[in-house]
Asks: 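Let me begin by handing over the structure; questions about it come next.
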Amino acid sequence: MSIGGTRYEHGVSVHARSSVTIDLNRACSSYDALVGIDDMTLGLGAVRFSVYADGVRRWRSPLLRGGDPAVPVSVGLTGSETLRLVVAPHGVRPLAATAIADWARSRISCV
């Protein structure tokens, strides 16, 4: 996985319109990642990333375009039961929804 010319060892790649819900099932303290559009998208697309805990948005990225560097995410999860990771394409161009969005170095820290 590569964002803005920088390669990352691990993470989660999704299509630009996606929503992934994770049941935490134990006490967790934080979610951390670096987000952006994967370089294999060849500079196309624009998206916004959001992180929700128990249905409440806790973080939203600025508008990110293909070629932009990764943006760090750090969200506290203390007391939360669910985590939802959302990517929304920006614009009405057909290619907007085909972008590959990366949650690089994606990590949930739990006790």
Asks: So, using side chain to side chain donor-acceptor pair (under 3.5 Å) as the criterion, who are the partners of Ser106 when residues are at least two apart?
Replies: Tyr31
Asks: Grouping I, L, V, M, F, W and Y whenever their side-chain heavy atoms are under 4.5 Å apart, do Leu85 and Trp59 come out in a common cluster?
Replies: yes
Asks: Are Thr6 and Pro69 side-chain neighbours, meaning at least one heavy-atom pair lies under 4.5 Å?
Replies: no
Asks: If you link I, L, V, M, F, W and Y whenever their side-chain heavy atoms are under 4.5 Å apart, who else ends up in the same group as Ile3?
Replies: Met1, Tyr8, Leu34
Asks: So which heavy atom on Asp38 is nearest to which on Ser13, and how close?
Replies: OD2-OG, 4.4 Å
Asks: Quick one: list whatever passes side chain to side chain contact (heavy atoms under 4.5 Å, CB included) with Ile37, sequence neighbours left out.
Replies: Thr41, Val47, Ala99
Asks: Just verifying a value: how many Å separate Ile100 CD1 and His15 NE2, rounded to the nearest 0.5 Å?
Replies: 4.5 Å
Asks: Would you say the side chain of Arg84 lies within less than 4.5 Å of the side chain of Ile22, judging by non-hydrogen atoms?
Replies: no
Asks: Considering the options Thr82, Leu77, Leu24, which one meets the side chain to side chain contact (heavy atoms under 4.5 Å, CB included) requirement together with Asp54?
Replies: Thr82
Asks: Just to verify, what does Asp39 make a side chain to side chain donor-acceptor pair (under 3.5 Å) with, not counting sequence neighbours?
Replies: Ser2
Asks: Which pairs count as ring-ring contact (aromatic ring centres under 6.0 Å, His included) when at least one residue sits in residues 33-58, sequence neighbours excluded?
Replies: Phe49-Trp103
Asks: State the CZ-CD1 distance between Arg26 and Ile108, to the nearest 0.5 angstrom.
Replies: 9.0 Å
Asks: Looking at Arg58 and Ser80, what are the two nearest heavy atoms and their distance?
Replies: NH2-OG, 3.7 Å
Asks: Same cluster or not: Val86 versus Leu83, using hydrophobic residues (I, L, V, M, F, W, Y) connected whenever any side-chain heavy atoms lie under 4.5 Å apart?
Replies: no
Asks: Return the set of residues passing salt bridge (Lys or Arg N to Asp or Glu O under 4.0 Å) with Asp32 (not counting sequence neighbours), or none when no residue passes.
Replies: Arg107
